[in-house]
Amino acid sequence: MDLKALIREIPDFPKPGIVFRDITTLLHNAEGLRYTIDLLVDQCRDWGAEQVIGIESRGFIFGVPLAYHLNAGFVPVRKPGKLPAAVHAIEYDLEYGTDRLEIHQDGLQPGCKVIIADDLIATGGTARATAELVQRIGCELVGFSFIVELKALGGRQQLPDVPIVSLVAYD
Ligand code: AMP
């Protein structure tokens, strides 16, 4: 199946010069959605993950079915102030300024094997910060799972040396 054909391009969103890769057109295609989840599951199946970490917000969409099919749990990583219980947090640099991600303190146990899931990797900053967060907690990162990879931005090179699945790449 041609997954690329199901992902819509929106030029100049959310700001001029950015080509937004919109996965909602993939999500509303029943065959495309099933194929995508099946492919992710196949590619991550042997990693032995016990938890899937989904990055807000589109990482939740793919992270939960991935966790379900891997017989793993799911733990959300969220923007500041969204999680109700005690959190671990990490600050990371953006092009201008910094951002912060949070995870519940009781969401992960040291030593557990985790996959980090998001819809897309661009510069890799978000996924790298999430990796640092889970490694600080003492988890074993076993891999990353993305639908889309924007290769020209070199995000993959920013990540720790573990397997990285991406289903659709743009140069
Ligand atoms: P980065 O930290 O640069 O790898 O950015 C990854 C995050 O930003 C992901 O959560 C994506 O959903 C979002 N993102 C970045 N660039 C795009 C893009 N061109 N189209 C859609 N989402 C994007």
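Note that ligands are numbered from 1 as they come in the structure, with each ligand's atoms numbered from 1 the same way. Keep in mind it's a predicted model, so treat the numbers as computed, not measured. Heads up: numbering here begins at 1 and tracks the sequence.
- In this structure, CG in Asp119 is found 11.5 Å from CZ in Phe60, a value given to the nearest 0.5 Å.
- The protein non-hydrogen atom at the shortest distance from atom 10 (O) of ligand 1 is Asp118 OD2, 2.8 Å.
- Taking CG of Leu101 as the reference point, atom CD1 of Ile55 lies at 7.0 Å (rounded to 0.5 Å).
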Salt bridge (charged side-chain N to carboxylate O under 4.0 Å, His left out) between Glu102 and Lys82, intermediate numbers included: CA-CA 8 Å; Glu102 297 181 347; Lys82 304 275 191 177; over 6 Å; no
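- Less than 4.0 angstrom separates some heavy atom of Asp119 from each of these atoms of ligand 1: 9 (C), 10 (O), 11 (C), 12 (O).
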Evaluate side-chain contact (heavy atoms from CB on, under 4.5 Å) for Phe144 paired with Ile115, printing each intermediate quantity in order. CA-CA 6 Å; Phe144 292 91; Ile115 292 176; over 6 Å; no
The test is side-chain contact (heavy atoms from CB on, under 4.5 Å); show your working for Leu40 and Ile147 and say whether it passes. CA-CA 8 Å; Leu40 280 185; Ile147 311 303; 3.7 Å; yes
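- Counting atoms of ligand 1 from 1 in the listed order, those under 4.0 Å from a heavy atom of Arg58 are 11 (C), 12 (O), 13 (C), 22 (N).
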side-chain contact (heavy atoms from CB on, under 4.5 Å) between Arg21 and Glu9: does it pass, once the steps are laid out? CA-CA 5 Å; Arg21 306 291 172 180; Glu9 275 186 26; 3.0 Å; yes
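- Looking at Lys79 and Ser57, their side chains never come closer than 4.5 Å, going by heavy atoms from C-beta outward.
- Near Thr123, meaning under 4.0 Å from any of its heavy atoms, are these atoms of ligand 1: 1 (P), 2 (O), 3 (O), 4 (O).
- Because its NZ or CZ atom is both nearer than 6.0 Å to the ring centre of Tyr170 and within 45° of the ring axis, Lys4 counts as a cation-pi partner of that residue.
- The closest approach between Gly155 and ligand 1 stays at or above 4.0 Å for every heavy atom of the residue.
- Here atom 2 (O) of ligand 1 lies nearest to Thr126 when heavy atoms of Thr126, Leu120, Leu94, Val19 are compared.
- Nearest protein heavy-atom neighbour of atom 20 (N) of ligand 1: Arg21 N, 2.9 Å.
- Residue Gly124 places at least one N or O, backbone or side chain, under 3.5 Å from an N or O of ligand 1.
- Between Ala122 and ligand 1, an N or O atom pair is found at a separation short of 3.5 Å.
- Less than 4.0 angstrom separates some heavy atom of Leu150 from each of these atoms of ligand 1: 19 (N).
- In this structure, atom 8 (O) of ligand 1 has no protein heavy-atom contact shorter than 4.0 Å.
- Under the 4.0 angstrom criterion for non-hydrogen atoms, Asp22 is not in contact with ligand 1.
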